[in-house]
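Notes for the one structure printed next.
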Amino acid sequence: MIDQAETVILIHGLWMNGLVLLPHQRWLRAQGFAVRRFSYPSWRGGLADNVRLLSSFINETPGSVIHLVAHSMGGLVALKMLSQVPDARIRRVVLLGTPYAGCHCGITLAAQPVLNVLVGRTFEDWFSLPRPALHPAVEIGVIAGIRPIGFGRLIPGLARPNDGLVAVDETRIAAAKDSIALNVSHSGMLVSRACAGKITNFLRTGSFIHA
């Protein structure tokens, strides 16, 4: 039975839309959560614009408790929103491969005259600003990947371990309540049942099962 009082909002990353999170939507619904997918202009939209869109989406979401699950750059949008005046119903956030602490691949591309357009405005806005303060009432869980399959293999200097695009060290957040590394790639997180299980653990208890 789906608990309409407890809702999960799924947030995609760069160059994607909400459809890529359909597997996680199905898995979380099977675990009893109400689930909504948030889509936004990840490439052409600026960070402030996308934060406003997310805030509006959350305001329109029913339920007494809201959790966020964000992949990659979607986590940056979520964290920036949480640093402002977040909805008081937001309780827990799970980040999947979110480059909070840095992004060697993205910064390398942004420095290239032709390739810099690939990273988009939200990415550039995030790394041009100080890291935002995080709301202390919201529990954050971080999932990093250690399967190095992805575009990042073409960019020299990506630290190990990594998920093929984002290094584990780039996902670290000192204020996170818990973190875990899984044998998945950056894009593989979108279809990983292992990730789905860890997400469910954290949303229910505020911690991951590390067995």
Side-chain angles (χ1 to χ4, degrees), residues 10-28 42-43 47 68-79 93-128 131 140-203 207-211:
L10 303 176
I11 308 168
H12 62 82
L14 180 62
W15 289 105
M16 298 180 182
N17 62 48
L19 288 175
V20 300
L21 290 163
L22 187 58
H24 281 293
Q25 182 178 32
R26 290 172 174 166
W27 292 329
L28 286 167
S42 62
W43 173 72
L47 180 60
L68 307 180
V69 176
H71 179 247
S72 194
M73 196 183 75
L76 304 183
V77 177
L79 292 174
V93 178
V94 179
L95 304 175
L96 309 174
T98 292
Y100 172 85
C103 186
H104 171 77
C105 292
I107 292 171
T108 299
L109 290 176
Q112 305 302 315
V114 177
L115 300 177
N116 58 352
V117 296
L118 295 175
V119 300
R121 289 176 55 201
T122 289
F123 178 89
E124 292 183 339
D125 289 348
W126 172 271
F127 285 103
S128 69
R131 299 294 180 274
I140 297 174
V142 174
I143 296 178
I146 57 172
R147 191 174 188 185
I149 298 175
F151 176 76
R153 296 183 67 179
L154 303 177
I155 300 177
L158 177 60
R160 296 183 180 182
N162 64 70
D163 62 11
L165 189 63
V166 176
V168 171
D169 284 346
E170 294 173 334
T171 69
R172 299 196 189 284
I173 301 176
K177 191 168 185 290
D178 200 0
S179 62
I180 194 168
L182 302 178
N183 186 29
V184 293
S185 66
H186 194 72
S187 59
M189 294 178 182
L190 298 171
V191 293
S192 168
R193 284 189 174 273
C195 276
K198 300 303 182 185
I199 290 168
T200 300
N201 295 153
F202 191 87
L203 296 184
S207 62
F208 297 115
I209 294 177
H210 289 263

Decide side chain to side chain contact (heavy atoms under 4.5 Å, CB included) for L158 and T108; before the verdict, give the C-alpha distance in whole Å, the side-chain angles of both, and the deciding distance to 0.1 Å.
-> CA-CA 10 Å; L158 177 60; T108 299; over 6 Å; no
Can you tell me how far CG of L21 sits from CG of L96, rounded to the nearest 0.5 angstrom?
-> 8.0 Å
L95 and Y100, any side-chain heavy atoms less than 4.5 Å apart | no
Any chance the side chains of S42 and H12 put a donor and an acceptor closer than 3.5 Å?
-> no
Is there a side chain to side chain contact (heavy atoms under 4.5 Å, CB included) between L76 and D125 once you walk through the steps?
-> CA-CA 10 Å; L76 304 183; D125 289 348; over 6 Å; no
Test item: S192 side-chain N/O and G188 main-chain N/O as donor-acceptor pair under 3.5 Å = no
Atom pair CG (L154) and CG (L165), whose distance is rounded to the nearest 0.5 Å | 10.5 Å
Of all heavy-atom pairs linking W27 and A196, the shortest is CE3-CB, 3.4 Å
Under the 3.5 angstrom rule, does the side chain of E170 hit a backbone N or O of H104 as a donor-acceptor pair?
-> yes
Nearest heavy-atom neighbours spanning H186 and H71 = O-NE2, 2.9 Å
Take the angle between the ring planes of F123 and F127 and call it parallel below 30°, perpendicular above 60°, tilted in between.
-> tilted
What's the spacing between S185 OG and I146 CD1 if we round to 0.5 Å?
-> 11.5 Å
Would you indicate whether the side-chain heavy atoms of I209 and K198 approach each other to under 4.5 Å?
-> yes
Please walk me through it: do M16 and L190 pass side chain to side chain contact (heavy atoms under 4.5 Å, CB included)?
-> CA-CA 11 Å; M16 298 180 182; L190 298 171; 3.9 Å; yes
Looking only at heavy atoms, what is the nearest atom pair of G97 and D163, with distance?
-> CA-OD2, 4.3 Å
Taken to the nearest 0.5 Å, the spacing of L118 CG from C105 SG works out to 12.0 Å
Taking the side chain as C-beta and beyond, is there a heavy-atom pair between I180 and H210 under 4.5 Å?
-> yes
How many angstroms lie between atom NE2 of H24 and atom CE of M189, to the nearest 0.5 angstrom?
-> 9.5 Å
Please assess T171 against T98 for the test side chain to side chain contact (heavy atoms under 4.5 Å, CB included), listing each intermediate value before the final yes or no.
-> CA-CA 6 Å; T171 69; T98 292; 6.0 Å; no
Can you name the nearest heavy-atom pair linking P148 to R153, along with the distance?
-> O-CD, 3.0 Å
Just how far is it from atom CE of M73 to atom SG of C103, taken to the nearest 0.5 Å?
-> 10.5 Å
Take atom CZ of R131 as the centre, draw a 6.0 Å sphere, and report whether it contains more than 12 heavy atoms from other residues, nucleotides or ligands.
-> yes
Minimum heavy-atom distance between V93 and F202, given as atom pair plus value = O-CE2, 3.7 Å
C195 versus V184, closest heavy-atom pair with distance = SG-CG2, 4.1 Å
